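To start, the structure under review is shown below, and the notes come after it.
A quick note: this is a predicted structure, and the numbers were derived from the prediction, not measured.
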Amino acid sequence: IPPNTGELDLKGREALLKINPNFLKKIEINGERIGSKKSISLKHNDLITFYPKEQEDEDEEKMYRFVYYNRFLDPQA
């Protein structure tokens with residue numbers, strides 16, 4: 001993934017994903033490709049998928065997935 005594909009703007013408990021206009025259609029939120037450069041408000045458990053600009057193998061699409069959590073859960077608690 002190229003640097004600055006998108007950035008997170010954290011304000012209190014709110015997180016906004018700001019997408020670099022050069023990488024529209026290369027980011028998905030919960031399975032929906034992003035085609036707009038407007039900021040996206042992330043919610044707990046949102047699945048963020050990044051696709052590289054260049055795919056090495058046409059038969060196998062490479063992706064990087066992350067889950068956004070807005071709170072930390074302690075499994076030992």
Side-chain angles (χ1 to χ4, degrees):
I1 302 172
N4 299 323
T5 300
E7 61 183 58
L8 285 177
D9 186 14
L10 303 173
K11 294 181 180 176
R13 293 195 62 172
E14 183 179 31
L16 294 174
L17 177 62
K18 295 181 178 182
I19 299 170
N20 182 331
N22 296 326
F23 300 102
L24 293 178
K25 301 285 186 183
K26 296 294 180 186
I27 299 176
E28 252 179 32
I29 305 292
N30 296 324
E32 190 173 317
R33 291 273 176 138
I34 305 303
S36 168
K37 59 183 180 179
K38 70 176 189 162
S39 295
I40 297 162
S41 181
L42 296 176
K43 297 178 288 305
H44 184 72
N45 275 347
D46 275 351
L47 180 64
I48 306 166
T49 306
F50 294 92
Y51 294 91
K53 224 173 182 181
E54 303 293 326
Q55 294 288 332
E56 296 170 8
D57 184 359
E58 292 179 16
D59 295 329
E60 187 176 322
E61 190 171 38
K62 185 181 273 189
M63 67 186 80
Y64 301 91
R65 286 194 167 151
F66 302 91
V67 177
Y68 171 74
Y69 292 106
N70 67 351
R71 57 189 164 272
F72 292 103
L73 304 175
D74 184 1
Q76 302 294 320

Practice problem: Side-chain contact test, heavy atoms from C-beta onward, threshold under 4.5 Å: evaluate it for Tyr68 versus His44 and give yes or no. | Solution: no
Quiz item: Rounded to the nearest 0.5 Å, what separation is found between the NZ atom of Lys37 and the CG atom of Leu24?
Solution: 8.0 Å
Quiz item: Quick one: CG on Asn20 to CD on Glu7, what's the gap to the nearest 0.5 Å?
Solution: 8.5 Å
Quiz item: Got Leu42 and Ile29 here, is their nearest side-chain heavy-atom distance under 4.5 Å?
Solution: yes
Quiz item: Taking all non-hydrogen atoms of both residues, which atom of Leu10 and which atom of Ala15 are closest, and how far apart?
Solution: CD2-CB, 3.5 Å
Quiz item: Can you name the one residue among Asn45, Asp46, Thr49, Ile48 that meets side-chain contact (heavy atoms from CB on, under 4.5 Å) with Asn30?
Solution: Asp46
Quiz item: Quick one: salt bridge (charged side-chain N to carboxylate O under 4.0 Å, His left out) partners of Lys18, sequence neighbours excluded?
Solution: Asp9
Quiz item: Is there a side-chain contact between Leu8 and Leu16 (heavy atoms, below 4.5 Å)?
Solution: no
Quiz item: Does the side chain of Phe50 reach to within under 4.5 Å of the side chain of Phe23, using non-hydrogen atoms?
Solution: no
Quiz item: Which atom pair, heavy atoms only, marks the closest approach of Lys26 to Pro52?
Solution: NZ-O, 3.7 Å
Practice problem: Might you point out which heavy atoms bring Lys25 and Arg33 nearest each other, and give the distance in Å? | Solution: O-NH1, 2.7 Å
Self-check item: Heavy-atom side-chain proximity of Leu17 to Ile27 below 4.5 angstrom
Solution: yes
